[in-house]
Amino acid sequence: MQRIRLRYTKRGRLRFTSHRDFQRAFERALRRAEVPMAYSAGFTPHPKVSYANAAPTGTGSEAEYLEIQLAEVRDPAHLRALLDESLPAGLDIVDAVEAHTSSFADRLQASVWELRLDGVEVADVRRAVEAFLAAETVDVQRRTKNGLRTFDARGAVSRLEALDAPADRPGDGACAILRLVVRHVTPAVRPDDVLSGLRAVADLAPPVPAAVTRLAQGLLDEESGRVTDPLAPDRDAAPAASSTAAGPSAAQQVPEGPR
C-alpha cells in the first residue's frame with residue numbers, strides 16, 4: 001500500500017467552497033482519474049483519504065493538504081497531473097510526494113495568512129499592529145456551537161506586520177496588507193479573530209470584509225518566525241527509502257544528490 005501526500009489550493013471563486021464540497025469534488029476526481037484507491041472495510045467502504053486542517057469557507061488558500069492511500073504504486077508527479085486535470089480550475093493540485101515519514105499532521109504547527117484590507121490606510125494598520133503586539137493578552141469573542149466563547153487571540157500570533165498594497169492592484173482607494181503567522185492552538189485562532197483583536201485594542205474596523213488567503217502552513221521556526229514546507233521531510237527521506245528498498249548493493253551505487 002502506498003501513501004501520497006498532496007498540496008492543493010482554493011483560488012478565486014472556489015474560496016467559497018466548503019470543506020464538504022471539496023471532499024465531494026475530490027472523490028469525483030479520484031474516480032475520473034481512475035486512481036487505484038485503497039478502501040476501508042465494513043458495510044460502506046470509502047476511499048482512504050485523510051484531510052488536514054482545512055481552511056474556513058470563504059478564505060483562499062495556497063497550502064491545503066491531504067493524504068491518500070493507494071492499492072497500487074503510482075508515480076506521485078503523474079498522479080498529481082491526473083487529479084489536477086480532473087478538478088475545476090481554482091481547486092488545483094500543486095504538489096505530490098510519497099509519504100516516507102509519520103505524524104504528518106503534527107508538522108502543521110502554524111499558518112501564514114494574508115489579509116487584504118480595502119479602504120484602510122497602512123499607517124492606521126501599523127498603529128493597530130503595534131498596539132496588538134504590545135498587549136500581553138487580547139481577549140476576543142466568537143460564537144460557537146456551544147455558545148459565545150471568549151479566548152486570547154494574542155498568544156497564538158507569532159508574527160504580525162502591515163504592508164503596502166501591491167503597486168499593480170486594481171483601484172485607487174486606500175488598501176493595506178496584513179501578514180500574520182498564527183500557531184495552531186486550541187481553541188483555534190483564525191484571521192478574523194485577529195481582526196477582532198485589532199478592533200478591540202485600536203478600534204481598527206475595515207469598511208468591507210477582508211479578503212483572506214492562507215499562504216503556507218507547516219513547521220514553525222520560533223526564532224525566525226518562518227513556516228517551513230511540511231512535505232520537505234518526505235522529499236528528504238525519499239532517496240534513503242528507495243535505496244533501502246533496493247538493497248545494500250544498490251544503496252552503494254546511488255550517489256548522494258544535492259539537498
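A distance of 5.0 Å separates CD1 of Ile68 from CG of Leu6, quoted to the nearest 0.5 Å. Distance check, rounded to the nearest 0.5 Å: CD of Gln109 to CG of Asp221 gives 10.0 Å. Taking CG of Asp234 as the start and NE2 of His100 as the end, the distance is 7.0 Å to the nearest 0.5 Å. Leu70 CG to Lys48 NZ: the interatomic distance, rounded to the nearest 0.5 Å, is 11.5 Å. Residue Asp92 holds its CG atom at 8.0 Å from CG of Leu14, rounded to the nearest 0.5 Å. Atom CZ of Arg127 sits about 9.0 Å away from atom CD of Glu130, to the nearest 0.5 Å.
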Check: residues 33-44 side-chain donor-acceptor pairs under 3.5 Å, at least two apart:
residue: Ser40; atom: OG; partner: His46; partner atom: N; Å: 3.0
residue: Ser40; atom: OG; partner: His46; partner atom: O; Å: 3.4
residue: Ser40; atom: OG; partner: His46; partner atom: ND1; Å: 3.0

What's the verdict on side-chain hydrogen bond (donor to acceptor under 3.5 Å, both in side chains) for Ser196 and Arg142, showing C-alpha distance, side-chain angles and the deciding distance? CA-CA 9 Å; Ser196 296; Arg142 187 202 307 154; over 6 Å; no
After noting the C-alpha distance and the side-chain angles of Tyr8 and Phe22, does the key distance pass the ring-ring contact (aromatic ring centres under 6.0 Å, His included) rule? CA-CA 11 Å; Tyr8 67 94; Phe22 174 78; 4.1 Å; yes
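At least one side-chain heavy atom of Val49 sits less than 4.5 Å from a side-chain heavy atom of Leu30. Val227 is not listed as a side-chain neighbour of Leu219, based on a closest heavy-atom distance of 4.5 Å or more.
Paired with Glu64 under the rule side-chain hydrogen bond (donor to acceptor under 3.5 Å, both in side chains), one option of Arg214, Arg7, Lys10, His19 passes, and it is Arg214.
Between the side chain of Thr9 and the main chain of Arg11, no donor-acceptor pair closer than 3.5 Å is present.
Using a cutoff of 4.0 Å between basic side-chain nitrogens and carboxylate oxygens, Asp118 and Arg116 are scored as salt-bridged.
Applying the side chain to side chain donor-acceptor pair (under 3.5 Å) rule to pairs touching residues 73-88 yields Glu72-Arg74, sequence neighbours excluded. Identified under the side chain to side chain donor-acceptor pair (under 3.5 Å) test for residues 152-162, with sequence neighbours left out: none.
A donor-acceptor contact closer than 3.5 angstrom is absent between the side chains of Asp139 and Thr150. Of the N and O atoms on the side chains of Thr59 and Arg190, not one donor lies less than 3.5 Å from an acceptor on the other residue.
Aromatic ring centroids of Tyr51 and Tyr65 lie 6.0 Å or more apart.
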